[in-house]
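In what follows, a structure is listed as C-alpha cells, so that the remarks can point back to it.
Order of the sequence lines fixes the chain letters, A, B, ..., with proteins taken first and strands second; residue numbering starts at 1 for each chain. Worth knowing before you read on, the calculation uses all heavy atoms, side chains too, and leaves out hydrogens, waters and symmetry mates.
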Amino acid sequence: MKFSQSFIYTSKEAPSDAVLPSHIYLVRGGFIQSVGAGLYNFLPLGKKVLDKVRAIAKEELDKAGCQEVDLAFVTPSELWRESGRFEKYGKELLRFKDRKNAEFVLGPTHEEMMVNLVRQYVKSYKQLPINLYQIKTKFRDEIRPRFGLMRGREFLMKDGYSFHKDEADMIENGFKKMEATYSRIFKRLGLDFRIVEADSGAIGGSGSKEFMVLAESGEDTIVVCDSCDYGANIEAATRATPKAPHELDSEYEKPEMTFGKFLTPDIKTIEALAEFFKIDPYYTLKVVAKKALYDDGVAKVVLFGIRGSDQLQEVKACNAVDANELIDVEDEELESLGLTPGFMGPKGLPENTLFIADNLLKGESSTIAGANEKDYHYVGLNLNDLDLVYKDIVEVKEGDSCPKCSGKLKYTKGIEVGHIFQLGTRYSEPLKAEFLDENGKSQPFVMGTYGIGISRLLAAIIEQNHDEKGCIWTKTTAPFDLEIIVSNIKKEQELEAGEQLYKELKEKGVDVLLDDRKERFGFKMSDFELIGIPYAIIVGKKIGDGVVEIVNRRTLEKEEIALESVVPKIMEYLA
RNA sequence: CGGAGUGUAGCGCAGUCUGGUAGCGCACCUGGUUUGGGACCAGGGGGUCGAAGGUUCGAGUCCUUUCACUCCGACCA
C-alpha cells in the first residue's frame, strides 16, 4: 500500500476523553474512530489488525477441531424467555420490535441460539462431543462504556460452546482443550498473559478461568504468587490459612478472655475495638451488613461475619447467599429489623436474621464480637456454641500465603481477554436440549463455554506494547509487516530506490506500507512511530552511497545497511 | 440510575457573564521557498453556533423545553 493513496489519517491531537494509551494511540494512529458512546468505526489500519487477530484465533480453533458458524445477530426474544434470561439479563440486553410488533434482542452472547441449534440436530451420544464457535459482533447496552475498545457497547467477540455426554468428557475434551488452545492463541499474538482462577458465579463449581493480559491499566485486580504459577481473580482468590499474630510472633501473647459482656461505649469500629482492648484486630469479629437482591424484586438483609483483620469480598459474599447482587444497607433499615449497627454479632440476633460466617472463624473459641445491644460487646465468645453457616467470604490481601505453595501473594492488574467456563447443564436443562445416552436414556448436554474479546485484544495489545511515541504492534498483529520511508520524494534517486524495494518486497509476500507522501522526514518518522509497524527501511540521504537504514520500532535503534543486502536482512528480521 | 460537565468549521477550542458583522490553532486548496525529527511566507475555501419554541429592532449570548455526548460511583469479553 502506498501511503499517499491510502485511507490512513493520523492526528496530533488525542480525543479529550481518552485516558488510556491504547485509546489515545488507536484513535491518533487512525485505527478507529468514535461514533457514539461505546461505538467505533474500524478504519483500514484497525480493520487489518482486527482481521489478523481474528485469523489467528480461527486457525488455532479450527486446528483444535472446533467448527465455525455464524448465528443471527438479531434473535427472537422467544428463546430468551425460554431460558429465563429475557428479564434477568436486564437493561444490557437491547430489545426492540419489528414492524409486526414481534420482539427481538441484539445478541449480547449466544448460549440460547447455540443450544437451540444443537438440540435440533444432535440426538445421540454418538454425535458428541462437538465444539461450535463464531467470531461475531455482540451488543451489550453497557451502563457506562469507556476506555475505547476496552469496553464498547458493540464489540467483536469469539464465543464458543462445547457439548458433551458427561462432565468428565467436558473437562477433558472441552475445558482443558480450550485452555491449551487459548494459551496458544495468546502466545501467538505475542502477549504476556496469565491464566487465573475466576469467579464462577451462581453456577457454582470450580470451573472458570480467565486469561489476563498483564497491564497497569487493567480493570481487574488479580492475585498472583511470587514463587509458583498460582493466579486468581481477586473475586475468587484463596489463600493458605493465615496464622494468628501470636503464632507468628512469639513476643505476642494470645489474649486471655473469659466470657462476659463488656460495656464498650461508642466503640463501633474494629479499630476502636482493638484499641480499646489492646489486642490485634485478628481476635475480633467484624460484621458487615448487606442487602441481597434476588429475582422478582425480593431483597433480604444478610450479615457477614469475618475476622476483624479481614475484608469482605463482595462477589464471594454474593455467591455465598446465591444472590444476584449485594447492595449497601442504611442504618435505619437495620434498626427497623431490630439490629444495632456498630454492635452486631453472631450471638443474640433477632430471629430469622441470616448470618454467614467466614471459614476462617470455624472453631474459634474465644473472640470479641458485638452483643447486638447498644454499647456492648461479648468478650471470649465461643463460636462453637452457636449454630453458624460457614463460607469463604474474605478478600485475599497482599502478603497472604499462597494456597498452593508457601510463596507470598501480591496484587497485579490485568485485562480480561478470555474466559473459559464449565457450564454444565445450566442452559441445556431449561432449554430441554437432550440426547440419548448408551442406555437409551435422555440426558441434557453437559456444556462448556469459551469467550475471547477480539476487539478488546487490540486495546490489550497496545496497553502492553506502547511507548510515549505510540503503538508497538507485535509481529503477528501489526497492520503491515514493514514500512518504507522515502525521506524526500523530490529526490528522484530516493523515490526510485524506495519504489524498487517496495516492489521487490511485495513480490516476496511482505505486506509493505510505502510512505511516499510529500512530507518532511520528521513528519513521516513520527507517523511511523505512532502507527507502530515493527520495522521501517529509511531511504534517505545516504542512498547516493548505496546505503539505507533499518529502524526497529520497539528499540528505535537504527542500523545502516548496504542497499543490496537490505532485502535479505529484512526477510531475516521478519521471519 | 445518582452526582458533575460539555455541545460553535473535519478535529481541538475561544467567544456566552455584560445581546449588536462568528473567531483561533490543526487539517484542507493554490503559488512559492524548504527537505534527516511533526517547516515557512502569501493567498483561499469551508458554519442551519446540538434541536425546537420564546423574549427582543436585533440572540452563539437571555428564558423554556428537548436531544446527544463526556467525566466520577454499582455490571462485563
Original post:
For nucleotides 2-10 of chain B, read 5' to 3', which letter fits each nucleotide if B means a protein heavy atom sits under 4.0 Å from the base, S means only the sugar-phosphate is that close, and - means neither?
Top reply: ---------
Subject >> Separation of atom CD in A:Glu219 from atom P in B:C72, rounded to whole Å >> reply: 11 Å
**OP:** Looking at every strand, decide which applies to A:Glu142 at a 4.0 Å heavy-atom threshold: base, sugar-phosphate, or nothing.
**Re:** base
Donor-acceptor pairs under 3.5 angstrom involving side-chain atoms of residues 535-542 of chain A: please list them, not counting sequence neighbours.
{"unit_1": "A:Lys542", "atom_1": "NZ", "unit_2": "A:Glu560", "atom_2": "OE2", "d": "2.5"}

**OP:** Would you mind listing every ring pair (Phe, Tyr, Trp, His ring centres under 6.0 Å) that reaches into residues 14-73 of chain A, with sequence neighbours excluded?
**Re:** A:Phe31-A:Trp473
Original post:
Do A:Arg151 and B:C75 have a side chain to base donor-acceptor pair shorter than 3.5 Å?
Top reply: yes
Subject >> Counterpart residues, side chain to side chain contact (heavy atoms under 4.5 Å, CB included), relative to A:Ala237 (two or more places apart) >> reply: A:Val223, A:Tyr230, A:Ala232, A:Val396
Subject >> Partner set under side chain to side chain contact (heavy atoms under 4.5 Å, CB included) for A:Leu337, not counting sequence neighbours >> reply: A:Val301, A:Leu339
**OP:** Between protein and nucleotides 33-38 of chain B, map the contacts as a letter string: B base, S sugar-phosphate only, - none, heavy atoms under 4.0 Å, written 5' to 3'.
**Re:** -BBBBB
Subject >> By side chain to side chain donor-acceptor pair (under 3.5 Å) - contacts of A:Glu59 (at least two apart) >> reply: A:Arg188
Subject >> Side-chain donor/acceptor of A:Arg140 to base of B:C76, under 3.5 Å >> reply: no
Original post:
side chain to side chain contact (heavy atoms under 4.5 Å, CB included) with A:Gln134: which residues, sequence neighbours excluded?
Top reply: A:Val69, A:Asp70, A:Leu71, A:His110, A:Lys136, A:Lys138, A:Asp159
Subject >> Nearest-Å distance for atom pair CG/P, residues A:Leu93 and B:C76 >> reply: 14 Å
Original post:
Quick one: salt bridge (charged side-chain N to carboxylate O under 4.0 Å, His left out) partners of A:Glu549, sequence neighbours excluded?
Top reply: none
**OP:** Determine, using ring centers only, whether A:Tyr161 and A:Tyr133 are less than 6.0 Å apart.
**Re:** no
Original post:
A:Lys286: what forms a salt bridge (charged side-chain N to carboxylate O under 4.0 Å, His left out) with it, not counting sequence neighbours?
Top reply: none
Subject >> Qualifying residues under salt bridge (charged side-chain N to carboxylate O under 4.0 Å, His left out), relative to A:Arg554, sequence neighbours excluded >> reply: none
Subject >> Sorted by number, the residues of residues 452-460 of chain A with heavy-atom contact under 4.0 Å to RNA chain B >> reply: A:Gly453, A:Arg456
**OP:** Establish, from distance only, whether the side-chain atoms of A:Asn552 and A:Glu557 form a donor-acceptor pair under 3.5 Å.
**Re:** no
**OP:** Using whole Å, report how far CD1 of A:Ile222 lies from P of B:A77.
**Re:** 15 Å
